Undergrad: 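Quick one: the structure is below, and I'll ask about it shortly.
Letters go in sequence order (proteins before strands), and every chain restarts at 1. Being a predicted model, the structure only gives us computed values, none of them experimental.
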Number of protein chains: 2
Amino acid sequence: MERLPKRQRHQELSRLIEDNPFLTDRELTRLLKVSIQTIRLDRLELAIPELRERLKVMAERSYDPVRSLPLHEVIGEVVDLQLDKSGISLFEIREEHVFSRSGIARGHHVFAQANSLAVAVINDEIALTASADIRFLRPARLGEKCIAKAYVRSGGSQKGKAKVEVCTYVGDEMVFQGYFVIYRSRAADSMESVGGEEAHENRD
Amino acid sequence: MERLPKRQRHQELSRLIEDNPFLTDRELTRLLKVSIQTIRLDRLELAIPELRERLKVMAERSYDPVRSLPLHEVIGEVVDLQLDKSGISLFEIREEHVFSRSGIARGHHVFAQANSLAVAVINDEIALTASADIRFLRPARLGEKCIAKAYVRSGGSQKGKAKVEVCTYVGDEMVFQGYFVIYRSRAADSMESVGGEEAHENRD
DNA sequence: TTTATATTGATACCTGGTGCCAATTCTAGA
DNA sequence: TCTAGAATTGGCACCAGGTATCAATATAAA
């Protein structure tokens with residue numbers, strides 16, 4: 001590996017630590033072919049904490065039961081949410097989501113993103129999936145970014161059942177389509193006194 | 001807090017570190033009213049590693065992406081599998097699977113168990129969910145053990161599409177029912193030359 | 001060439017330890 | 001009561017993996 005200019009070395013350093021936070025400065029000197037002082041200046045500029053601090057933060061995150069859960073809860077990152085109307089979430093297909101031989105995502109991950117979004121979009125204290133009719137239109141593959149769009153089709157504010165359609169795209173190709181029936185514990189209108197955040201189970 | 005005899009101090013020390021692995025020896029001296037040397041001898045006898053080692057282990061455990069994600073591969077434990085005929089899997093609803101307020105399992109976990117099983121039961125190199133029609137008949141709750149039973153209804157050995165019905169029970173109550181259409185890359189018969197384990201994507 | 005920036009070297013100091021040895025204190029048995 | 005053995009404490013050297021700071025070079029740009 002060549003000696004890189006500062007800018008690229010910084011990028012490389014960030015990347016290296018990102019995908020192996022267990023690297024000591026000394027190991028980094030070998031990887032980047034610069035002195036240990038340079039590594040430390042770089043970390044300083046990039047605000048990358050020392051090894052022990054990184055380990056501590058990771059340990060804390062995994063120890064705190066509240067923070068260790070979100071991975072299992074809402075699948076995908078909700079980027080837009082108009083309660084009882086529509087929502088959008090992003091989900092990148094990673095190594096752990098695919099069949100290793102084919103690189104094709106296991107269906108339940110794609111479903112999980114859509115289901116999470118369908119539940120999130122319903123503005124209610126308790127919202128549960130009652131049923132769903134789903135189609136996997138084409139396989140989603142390793143590295144692809146899935147964009148799920150949900151629209152509330154009916155029952156947007158009454159108690160009982162709401163119908164939500166979710167379409168998931170990779171680029172402009174639709175990979176998944178699902179019609180969800182979501183059970184809600186009460187009508188959306190009655191929520192005005194409660195305050196959306198608090199009343200939203202799917203935010204925890 | 002009193003000075004305890006050695007035996008009880010050891011117990012106390014183990015307990016303290018167990019529920020707060022972030023304690024330094026120095027902090028432990030204050031809690032147990034003994035010198036730091038005693039703390040260290042105790043840790044030695046009890047084979048409790050030093051703080052930094054504890055943090056490192058925690059960080060490693062949480063970091064390993066493969067083992068940390070439950071929504072990763074086959075969800076549930078397959079206890080019976082008759083390829084192209086039927087299968088049974090078990091899945092216990094744990095803290096990380098439920099809405100924290102209600103203790104009700106998020107739908108995609110129940111779906112994931114059923115989907116995993118439906119794919120597993122199809123004896124083919126590549127088996128993908130094409131579509132599904134699912135019903136959540138009653139909520140599955142924290143602590144409940146879900147028993148999913150899958151039956152191949154048609155297409156059990158031809159190339160193309162296989163239909164699999166999966167019913168999930170808690171005790172004798174049915175909580176979930178799904179009809180899955182699974183795409184398979186080739187007919188089951190042609191697999192005899194390959195050997196089940198190797199040819200089975202859904203085992204990885 | 002001069003200047004600014006980047007890199008390296010060197011040293012003192014920090015935390016949270018290990019390892020080892022000696023001194024002291026406690027405690028139970030003869 | 002005396003004493004041996006266990007338990008506790010103190011002290012020191014040393015370690016990894018740093019921080020903080022200052023000075024010396026090296027390199028590139030004006």
Side-chain angles (χ1 to χ4, degrees), chain A residues 1-69 71 95, chain B residues 1-69:
Chain A
M1 185 170 176
E2 284 301 297
R3 284 280 286 259
L4 300 171
K6 192 174 180 179
R7 214 44 181 284
Q8 285 160 50
R9 193 187 56 235
H10 277 192
Q11 283 208 331
E12 188 63 9
L13 179 64
S14 302
R15 197 189 59 76
L16 282 169
I17 290 186
E18 177 117 13
D19 62 51
N20 184 4
F22 298 86
L23 289 170
T24 64
D25 288 356
R26 198 159 301 279
E27 290 168 322
L28 288 164
T29 63
R30 292 206 307 273
L31 295 171
L32 294 173
K33 310 284 186 213
V34 289
S35 73
I36 201 161
Q37 288 83 352
T38 302
I39 296 291
R40 286 170 180 170
L41 279 175
D42 287 355
R43 274 201 300 101
L44 200 66
E45 291 179 50
L46 295 169
I48 297 172
E50 61 168 300
L51 169 64
R52 285 162 175 171
E53 190 57 31
R54 297 196 298 270
L55 297 189
K56 191 178 168 198
V57 167
M58 282 195 284
E60 277 165 349
R61 196 167 37 211
S62 84
Y63 185 70
D64 184 345
V66 178
R67 271 199 251 295
S68 66
L69 291 184
L71 271 179
E95 198 69 47
Chain B
M1 187 173 176
E2 283 301 299
R3 283 283 283 261
L4 300 170
K6 193 175 180 179
R7 213 45 180 283
Q8 285 158 49
R9 192 185 58 233
H10 278 193
Q11 283 208 330
E12 189 64 8
L13 178 64
S14 303
R15 197 188 59 75
L16 282 169
I17 291 187
E18 177 114 17
D19 60 52
N20 184 3
F22 298 85
L23 289 170
T24 64
D25 288 358
R26 198 159 302 278
E27 290 167 322
L28 288 165
T29 64
R30 293 207 307 274
L31 294 170
L32 294 172
K33 309 284 185 210
V34 289
S35 72
I36 202 161
Q37 289 82 352
T38 302
I39 296 290
R40 287 169 180 171
L41 281 175
D42 286 355
R43 273 200 301 101
L44 200 67
E45 290 179 51
L46 295 168
I48 296 172
E50 61 169 298
L51 169 63
R52 286 161 175 173
E53 189 57 32
R54 298 195 299 269
L55 297 189
K56 191 179 168 197
V57 167
M58 283 195 284
E60 277 165 349
R61 198 167 38 209
S62 85
Y63 181 68
D64 191 344
V66 178
R67 286 141 205 66
S68 66
L69 294 180

Undergrad: Given atom CD1 of B:Ile39 and atom C1' of D:dG10, what is their separation to the nearest angstrom?
TA: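 After rounding, the gap between these two atoms is 15 Å.
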Undergrad: Identify the heavy atoms of A:Leu23 and A:Leu16 that sit nearest to each other, and give their distance.
TA: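 Between these two residues, the closest heavy atoms are CD1-O, 3.8 Å.
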Undergrad: Charged N to carboxylate O below 4.0 Å: is that the case for B:Glu12 and B:Arg9?
TA: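 Result for this pair is no, no salt bridge flagged.
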Undergrad: Hey, does A:Leu51 have a side-chain heavy atom less than 4.5 Å from the side chain of A:Asp25?
TA: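 No, too far: nothing below the 4.5 Å cut-off.
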Undergrad: What integer distance in Å separates B:Ile36:CD1 from D:dG11:C1'?
TA: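 About 13 Å, once rounded to whole Å.
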Undergrad: Which angle, to the nearest 10 degrees, lies between the helix axes at the two ends of the helix from C:dT1-D:dA30 to C:dA30-D:dT1, each defined by five pairs?
TA: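 Here the helix ends are tilted 0° relative to one another.
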Undergrad: Please list, pair by pair, any protein nitrogen or oxygen found under 3.5 Å from a nitrogen or oxygen in nucleotides 21-28 of chain C.
TA:
none

Undergrad: Can you find a side chain N or O atom of B:Ser35 that sits less than 4.0 Å from OP1 or OP2 on D:dT8?
TA: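 The answer is no; no side-chain N or O of B:Ser35 sits under 4.0 Å from OP1 or OP2.
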Undergrad: May I ask you to decide if B:Thr24's main-chain N or O and B:Glu27's side chain share a donor-acceptor pair within less than 3.5 Å?
TA: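 Looks like yes, one N/O pair under 3.5 Å.
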Undergrad: Would you call A:Arg43 and A:Glu53 a salt bridge, using N to O less than 4.0 angstrom?
TA: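 Salt bridge between A:Arg43 and A:Glu53, a charged N being under 4.0 Å from a carboxylate O: no.
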Undergrad: Can you tell me how far P of C:dG17 sits from NZ of B:Lys56, to the nearest Å?
TA: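 After rounding, the reported distance stands at 15 Å.
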Undergrad: Below 4.0 angstrom from OP1 or OP2 of C:dT7, is there any side-chain N or O of A:Arg9?
TA: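 For A:Arg9, the contact criterion (side-chain N or O under 4.0 Å from OP1 or OP2 of C:dT7) is met.
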Undergrad: Could you check whether any side-chain N or O of A:Arg54 sits under 3.5 Å from a backbone N or O of A:Pro49, counting only pairs where one atom can act as donor and the other as acceptor?
TA: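 Flag set: sc A:Arg54 to bb A:Pro49 pair under 3.5 Å.
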Undergrad: Just how far, in rounded Å, is P of C:dT5 from CG of A:Asp42?
TA: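 Rounded to the whole Å, the gap is 17 Å.
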Undergrad: Without decimals, in angstroms, what is the distance between A:Lys33 NZ and C:dT7 P?
TA: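 Distance check: A:Lys33 NZ to C:dT7 P gives 16 Å.
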Undergrad: Check A:Leu46 against A:Ser14 and note the closest heavy-atom contact, atom names and distance.
TA: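 For A:Leu46 and A:Ser14, the tightest heavy-atom pair comes out as CD1-OG, 3.7 Å.
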Undergrad: Atom NZ of A:Lys6 and atom C1' of D:dA28: how far apart are they, to the nearest Å?
TA: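 Interatomic distance, NZ of A:Lys6 to C1' of D:dA28: 13 Å.
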Undergrad: Give, for atom CZ of A:Arg30 and atom CD1 of A:Ile36, the distance between the pair rounded to the nearest 0.5 Å.
TA: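 Output value for this atom pair is 10.5 Å.
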Undergrad: Are B:His10 and B:Lys6 side-chain neighbours, meaning at least one heavy-atom pair lies under 4.5 Å?
TA: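 When only atoms from C-beta onward are counted, B:Lys6 and B:His10 do touch, with a gap below 4.5 Å.
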Undergrad: Could you walk me through whether A:Leu55 and A:Met58 satisfy the side-chain contact (heavy atoms from CB on, under 4.5 Å) test, starting with their C-alpha distance in whole Å, then the side-chain angles of each, then the deciding distance to 0.1 Å, before giving a yes or no?
TA: CA-CA 5 Å; A:Leu55 297 189; A:Met58 282 195 284; 3.5 Å; yes
Undergrad: Are side-chain heavy atoms of B:Leu41 and B:Gln37 found at a separation under 4.5 Å?
TA: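 No, too far: nothing below the 4.5 Å cut-off.
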Undergrad: Got a list of protein N/O to nucleotides 17-23 of chain D N/O distances below 3.5 Å?
TA:
residue, atom, partner, partner atom, Å
D:dG17, O4', A:Arg52, NH2, 3.2
D:dG17, N3, A:Arg52, NH1, 3.2
D:dG18, OP1, A:Leu51, N, 2.8
D:dG18, OP2, A:Asp25, N, 2.9
D:dG18, O5', A:Asp25, OD2, 3.3
D:dT19, OP1, A:Arg43, NH1, 3.2
D:dT19, OP1, A:Arg43, NH2, 3.4
D:dT19, OP2, A:Arg43, NH2, 2.9

